[in-house]
Amino acid sequence: MTQKAPQSSPSSLPKTPQNVLKDVSNGAEGQSEDSEIIFHYNKSKAGLENVDTNRINNIIMECSKGSEYHKSEQKRLNEVKEKVTRYKQKVAKYQANSRLWEKAKNEVYRRIELYKANRNFKRTWIHVDMDMFYAAVEIRDNPHLADKPVAVGDKSMISTTNYVARKYGVRSGIPIFIGKKLCPDLIIIKTDYAKYQKVSQQFKKICREFDEDLESKGLDEVNLDVTGYLRRNGIDHELGRIFVAEKIRRNIKEELDLTSSCGIACNNMLSKICSDVQKPNGITYLEFSEKEITKFLMKLPIRKVPGVGKVNELILSGLGINTCEEVLQKGVEVFINFTENSFEFLARCALGISRNVHERESQIQKSLSVSNTFKPVSELPQFKDKLIKIINEVADRVKDRKICARTITLELKNLEYKTIRRSFTTERSISTHQELMNHAIKLLMEAWPMEPIRLMGVRLNNLRKVEKRKRDNKSHWKDRKSNGYNWSSYKLDRPTPPPRFQNNTLTPESFGK
DNA sequence: ATCCCGATT
DNA sequence: CTGCAATCGGGAT
Ligand SMILES: Nc1ccn([C@H]2C[C@H](O)[C@@H](COP(=O)(O)OP(=O)(O)OP(=O)(O)O)O2)c(=O)n1
Ligand SMILES: [Mg+2]
């Protein structure tokens, strides 16, 4: 944590501060010329600015410490910190050798220029994200909950909360017992995935009017490329874009009685980040210009970038990188320590460049899984009991969806929250309860003897629709391609193949991880 | 290609 | 006293 940064001062890298975002919800309020547009209050993010974060953090910390979960979490984070130490040593090594450093630096700049050449503002993306989704559905169906603090969760964890509860610091991903401490009146509702799935389908159907090929990686959000819609209606300009976003939100509100928030920008990633800016029930428009995008991104915490989570935030912060701007300033540090794909991803995000055309989505779901957490079990018969319950559920869903699978994975989590997996790929697809059970037992015996466990899960991969007729059965192999980058939909968009390193200073080994 | 682990949402 | 489901990257083999 005490490493000093290189003083390299990139001349070509972005600068410029100031007010970038059009706060549509508030900003245009006075003009009121277009009666189609609905405006909303919410400057204050629903009162979340008054939250006593200190008190909240203390309570959370107080409650956490001592638990087995907390211990395992600490251990995990310590491993990350060790990794950061190694990264910093590597940086020091490069800095000690100026030729090495310069070479890497040049390569970084070269690539950044390449990425920049790729920027364009031809298309309009709208990211729609439902507000407090699970909780909103529950409250809609039980209106008397509206002004009370509500959390939705299973077992002992909270999936999401309404904004009343968030004022108390109760939010996604914290355990219920801590939530109760923070807010004794908290009302807990059990999650009902099937219900949210249904609402999600309705939600997506509404959005499909604006983009047939919409992408989505969650029940409560969609990415729409609305360029076609805008052009068909002759409104491919700022006002038209905002109009469409409002129209989408209004349709959702009218048909489902749920609120949502939108981000409008020239690509996938930026629209998603924007959708969070004016959360609940708001719209954020990011102007389609390099200057405005740069202003917006400069001070943006890197964690806000979808794909950068807790761990990568910690690693980057260890390298002195907390904002998008710093990713570019410390490009070399990133370049020599991250994989090629990760470097490209981070650099392009920091530049505000991302995919702006749809990737072909394989319609078919790739996996199906069921997992249960329970009071610790240690004996083989108990293990088998748990397994039977899970396989029953899996078999039901497989039958329901008329699919079969080639790969089955058994997952076991011990009391220290360490997970192991055992998987097996069959020659021909399986689907019956009997087959599933046989393979699962085989996997369990592979892992046996086991320490006591607190969770068991079974996952199926390599899914295929089961053919109705036996004849002509070699027709659809639906070849599954194993490509894809996980920085997921926010990555990729390269007309030109990725630049490889082209000198011998930068060996593949340099990109390890 | 398969297996396993880890990160993210 | 810390869930469930799905996706993907990457190392190893
Ligand atoms: N740790 C988490 C985080 C989220 N979710 C689920 C519940 C949320 O309703 C849904 C959508 O996630 P969001 O991050 O969009 O959160 P919300 O929609 O609940 O709130 P908001 O979008 O208003 O911030 O995903 C979950 O099960 N577990
Ligand atoms: Mg949401």
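In what follows, chains are A, B, ... by sequence order, proteins preceding strands, each numbered from 1.
Put simply, A/Arg76 has no side-chain N or O that comes within less than 4.0 Å of OP1 or OP2 on B/dC5. Residue A/Arg303 places no side-chain N or O under 4.0 Å from the OP1 or OP2 atom of B/dT8. Phosphate contact (OP1/OP2 of C/dC1, side-chain N/O of A/Tyr69, threshold under 4.0 Å): absent. Residue A/Asn341 places at least one side-chain N or O closer than 4.0 Å to OP1 or OP2 of C/dG10. Side-chain N/O atoms of A/Lys310 include none lying less than 4.0 angstrom from OP1 or OP2 on B/dA7. Side-chain N/O atoms of A/Arg421 include none lying less than 4.0 angstrom from OP1 or OP2 on B/dG6. Here A/Thr409 does not reach the OP1 or OP2 of B/dC3: none of its side-chain N or O atoms lies under 4.0 Å away.
C/dC4 atom C1' lies 14 Å from atom CG of A/Asp192, rounded to whole Å. The distance between atom NZ of A/Lys75 and atom P of B/dG6, rounded to the nearest whole Å, is 10 Å. If you take CG of A/Asn414 and P of C/dT2, they are 13 Å apart, rounded to a whole angstrom. Rounded to a whole Å, the CG atom of A/Leu460 is 13 Å from the P atom of B/dC3. Taking atom CD on A/Glu79 and atom P on B/dA7, their separation rounds to 9 Å, with Å as the unit. The distance between atom CD of A/Gln197 and atom C1' of C/dA5, rounded to the nearest whole Å, is 9 Å. Computed from coordinates, the A/Lys217 NZ to B/dA7 C1' distance equals 16 Å when rounded to whole Å. For the pair A/Glu73 CD and C/dC1 P, the interatomic distance rounds to 16 Å; values are reported in whole Å.
At a threshold of 4.5 Å between non-hydrogen side-chain atoms, the residues A/Ile293 and A/Cys266 count as touching. Side-chain atoms of A/Met437 and A/Ile388, non-hydrogen and from C-beta on, do get closer than 4.5 Å to each other.
The side chain of A/Asn312 lies closest to B/dT8 when the candidates are C/dA5, B/dT9, B/dT8. Of the listed nucleotides (B/dT2, C/dT2, B/dT9), B/dT9 has the atom at the smallest distance from the side chain of A/Lys272. Checking C/dT2, B/dT2, C/dA6 against every side-chain atom of A/Gln365, the shortest atom distance belongs to C/dA6. Distances were taken from every side-chain heavy atom of A/Ser342 (C-beta onward) to each of C/dT2, C/dG10, B/dC5; the shortest belongs to C/dG10. Of all nucleotides listed (B/dC5, C/dC1, B/dA7), B/dA7 comes nearest to the side chain of A/Val80.
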Validation: residues 133-140 of chain A side-chain donor-acceptor distances under 3.5 Å, sequence neighbours left out:
unit_1	atom_1	unit_2	atom_2	d
A/Glu138	OE1	A/Lys195	NZ	3.2
A/Glu138	OE2	A/Tyr196	OH	2.6
A/Arg140	NH1	A/Leu256	O	2.8

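With sequence neighbours excluded, the residues that form a ring-ring contact (aromatic ring centres under 6.0 Å, His included) with A/Phe383 are A/Trp448. For the side-chain contact (heavy atoms from CB on, under 4.5 Å) test, residues two or more places apart in sequence or in another chain that qualify with A/Glu326 are A/Ile321, A/Asn322, A/Thr323, A/Gln329. For A/Tyr193, there are no ring-ring contact (aromatic ring centres under 6.0 Å, His included) partners at least two apart in sequence or on another chain. Among residues two or more places apart in sequence or in another chain, the salt bridge (charged side-chain N to carboxylate O under 4.0 Å, His left out) test is passed with A/Arg123 by A/Asp225. Listed by chain and residue number, nothing satisfies the ring-ring contact (aromatic ring centres under 6.0 Å, His included) test with A/Phe374 (two or more places apart in sequence, or in another chain).
Taking CG from A/Asn438 and CD1 from A/Ile430, the interatomic distance works out to 9.0 Å, rounded to the nearest 0.5 Å.
Atom NZ of A/Lys402 sits in a sparse spot, with 12 or fewer heavy atoms from other residues, nucleotides or ligands closer than 6.0 Å. Open room surrounds NZ on A/Lys399; 12 or fewer heavy atoms of other groups in view lie less than 6.0 Å from it.
A donor-acceptor pair is defined here as one N or O able to donate and one able to accept, closer than 3.5 Å; no such pair exists between the side chain of A/Ser367 and the backbone of A/Leu460.
Side-chain contact check for A/Lys204 and A/Ser216: at least one donor-acceptor pair (N or O, by modelled atom type) lies under 3.5 Å.
Residue pairs that meet the salt bridge (Lys or Arg N to Asp or Glu O under 4.0 Å) test with at least one member in residues 176-194 of chain A, sequence neighbours left out, do not exist here. The stretch residues 64-78 of chain A participates, sequence neighbours left out, in these salt bridge (Lys or Arg N to Asp or Glu O under 4.0 Å) pairs: A/Glu62-A/Lys65, A/Glu68-A/Lys71, A/Glu73-A/Arg76, A/Glu73-A/Lys310.
Using a 4.0 Å cutoff on non-hydrogen atoms, the parts of residues 367-380 of chain A near DNA chain C are A/Ser367, A/Leu368, A/Ser369, A/Val370, A/Ser371, A/Asn372, A/Thr373, ordered by number. Listed in residue order, the members of residues 438-459 of chain A having a heavy atom less than 4.0 Å from DNA chain C are A/Arg454, A/Leu455, A/Arg459. At a non-hydrogen distance threshold of 4.0 Å, A/Asp154, A/Lys155, A/Ser156, A/Met157, A/Ser159 from residues 151-160 of chain A come into contact with DNA chain C.
In secondary-structure terms, DNA chain C builds stems of at least 3 consecutive Watson-Crick or G-U pairs, each pair having both distances under 3.5 Å, at B:1-9 with C:5-13.
If you check every strand for non-hydrogen atoms under 4.0 Å, A/Tyr193 touches a base. Contact annotation for A/Glu68: no contact, since no heavy-atom pair falls under 4.0 Å across all strands.
With respect to A/Arg111 and A/Glu107, a salt bridge is recorded, a charged nitrogen being found less than 4.0 Å from a carboxylate O.
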